[in-house]
Amino acid sequence: MGATTSARSGAFTIGQLSRLTGVNIENIRYFEKVGLLSAPPRTEGGHRSYATEHVRTLAFIRRGRELGFTPTEVRALLELHQPGKVSCCEVQEIAAHHLDRVRAKIADLARLERLLAETIDRCSGEAAPECPVLDMIDHTG
């Protein structure tokens with residue numbers, strides 16, 4: 001069956017699913033193994049046959065991971081995304097917890113930026129017996 005025919009019928013091979021979603025094949029298999037992505041039916045030849053719903057779910061997983069949600073959070077969000085299970089309160093709680101982590105990372109990066117800028121400013125750029133940047137990296141105490 002060609003790619004065009006299978007796309008029309010909603011049956012996709014794992015390679016087609018990978019190309020459609022930008023998720024590599026190994027990750028697709030992993031997501032199936034850990035239960036984030038439901039196992040698709042198999043053809044008579046034993047090949048996986050993914051449906052449009054798999055495309056949507058995999059795109060959701062990929063986007064959630066791009067936004068930095070943990071696999072556990074993505075799993076919870078997927079469960080809450082099911083018809084009849086949407087709980088904006090629970091989704092808000094997950095997102096708020098994630099936002100706290102993002103803000104902490106931003107604060108850590110801002111501190112790192114200041115430290116690097118200050119250290120680089122102290123560096124003469126000349127041949128010298130000591131280098132503030134190397135000293136900062138080698139600092140053990």
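Judged as a salt bridge (charged side-chain N to carboxylate O under 4.0 Å, His left out), the pairs with a partner in residues 92-110 (not counting sequence neighbours) are, in order, Glu73-Arg101, Asp108-Arg111.
Residue Arg65 holds its CZ atom at 9.0 Å from CG of Leu36, rounded to the nearest 0.5 Å. Remark: Arg122 CZ to Asp135 CG distance equals 8.0 Å, nearest 0.5 Å.
Taking a 4.5 Å side-chain heavy-atom cut-off between Ile, Leu, Val, Met, Phe, Trp and Tyr, the cluster of Ile106 extends to Val102.
Grouping the Ile, Leu, Val, Met, Phe, Trp and Tyr side chains by contacts below 4.5 angstrom, directly or via other members, places Ile120 apart from Leu134. Residue Leu99 is not grouped with residue Val74 when hydrophobic side chains (ILVMFWY) are merged at heavy-atom distances under 4.5 angstrom, including chains of intermediate members. Hydrophobic cluster membership is shared by Leu58 and Ile25, with clusters built from Ile, Leu, Val, Met, Phe, Trp and Tyr side chains linked at under 4.5 angstrom.
Judged purely by atom type and a 3.5 angstrom limit, Ser49 has no side-chain atom pairing as donor or acceptor with the backbone of Pro41. The backbone N or O of Glu79 sits nowhere less than 3.5 Å from a side-chain atom of Gln82 that would complete a donor-acceptor pair. Using a distance-only test at 3.5 Å, with no hydrogens or angles considered, no donor-acceptor pair links the side chain of His54 to the main chain of Leu37.
In this structure the side chain of Ser18 reaches within 4.5 angstrom of the side chain of Ile28, judged on heavy atoms. The shortest distance between side-chain heavy atoms of Thr57 and Phe31 does not fall below 4.5 Å. By the 4.5 Å heavy-atom criterion applied to side chains, Phe69 and Ile94 are counted as neighbours.
With sequence neighbours left out, the side chain to side chain donor-acceptor pair (under 3.5 Å) criterion links Arg29 to no other residue. Among residues two or more places apart in sequence or in another chain, the salt bridge (Lys or Arg N to Asp or Glu O under 4.0 Å) test is passed with Arg75 by none. Residues passing the side chain to side chain donor-acceptor pair (under 3.5 Å) test with Arg48 are Glu32, Tyr50, sequence neighbours excluded.
Phe60 has its ring centre less than 6.0 Å from the ring centre of His81.
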For the pair Arg62 and Glu66, evaluate salt bridge (charged side-chain N to carboxylate O under 4.0 Å, His left out) and give the outcome as yes or no after the intermediate values. CA-CA 6 Å; Arg62 178 177 180 230; Glu66 285 174 349; 3.3 Å; yes
Give the table of side-chain donor-acceptor pairs shorter than 3.5 Å for residues 84-92, with sequence neighbours excluded, one pair per line with atom names and distance.
residue, atom, partner, partner atom, Å
Ser87, OG, Glu90, N, 3.3
Ser87, OG, Glu90, OE2, 3.2

